[in-house]
Amino acid sequence: MAVERLALPCKPSDENQCVTVSLGLASLVPDASAPPEQLIDLADRALYQAKAEGRNRTVCYGSTDEAAD
C-alpha cells in the first residue's frame, strides 16, 4: 500500500517498524427498512477481520457476504 511505501517510522514492534493501514469496507444495496447501523456494523466487522489477519490489509464485505448475516 502507498502508506507503507512512505516508510513513516513508528514505535518498534515485533512485526513492523513503520506505519501501515488496515481497512474495513462495506457496501449494501439501499433498503428503506435497513437501519444505517447495519452498514456501520458490516464495516466494523470487516475492520476487525483485517486487523486479525495482520497489518496492512483491506477486507470488504457486501450484502451477500457471510458477515452480513
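Only a predicted model underlies this, so the values are computations on that prediction, with no experimental measurement involved. What's counted below: heavy atoms across the whole structure, side chains too, no hydrogens, waters or symmetry copies.
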Worksheet item: What is the minimum heavy-atom distance between Gly54 and Ser22, and which atoms define it?
Response: O-OG, 3.7 Å
Discussion item. Would you say that Leu47 contacts Val59 through its side chain, given a criterion of any heavy-atom pair below 4.5 Å between the two side chains?
Written reply: no
Practice prompt. Nearest 0.5 Å please: distance from the CG atom of Asp44 over to the OH atom of Tyr61.
Written response: 10.5 Å
Discussion item. As an exercise, state the distance from CG of Asp31 to CD of Gln38, rounded to the nearest 0.5 Å.
Written reply: 7.5 Å
Worksheet item: Out of curiosity, Arg57 CZ to Gln49 CD, how far, rounded to the nearest 0.5 Å?
Response: 10.5 Å
Worksheet entry | Pairwise side-chain contact, Ile40 with Leu42, heavy-atom cut-off 4.5 Å (strictly under) | no
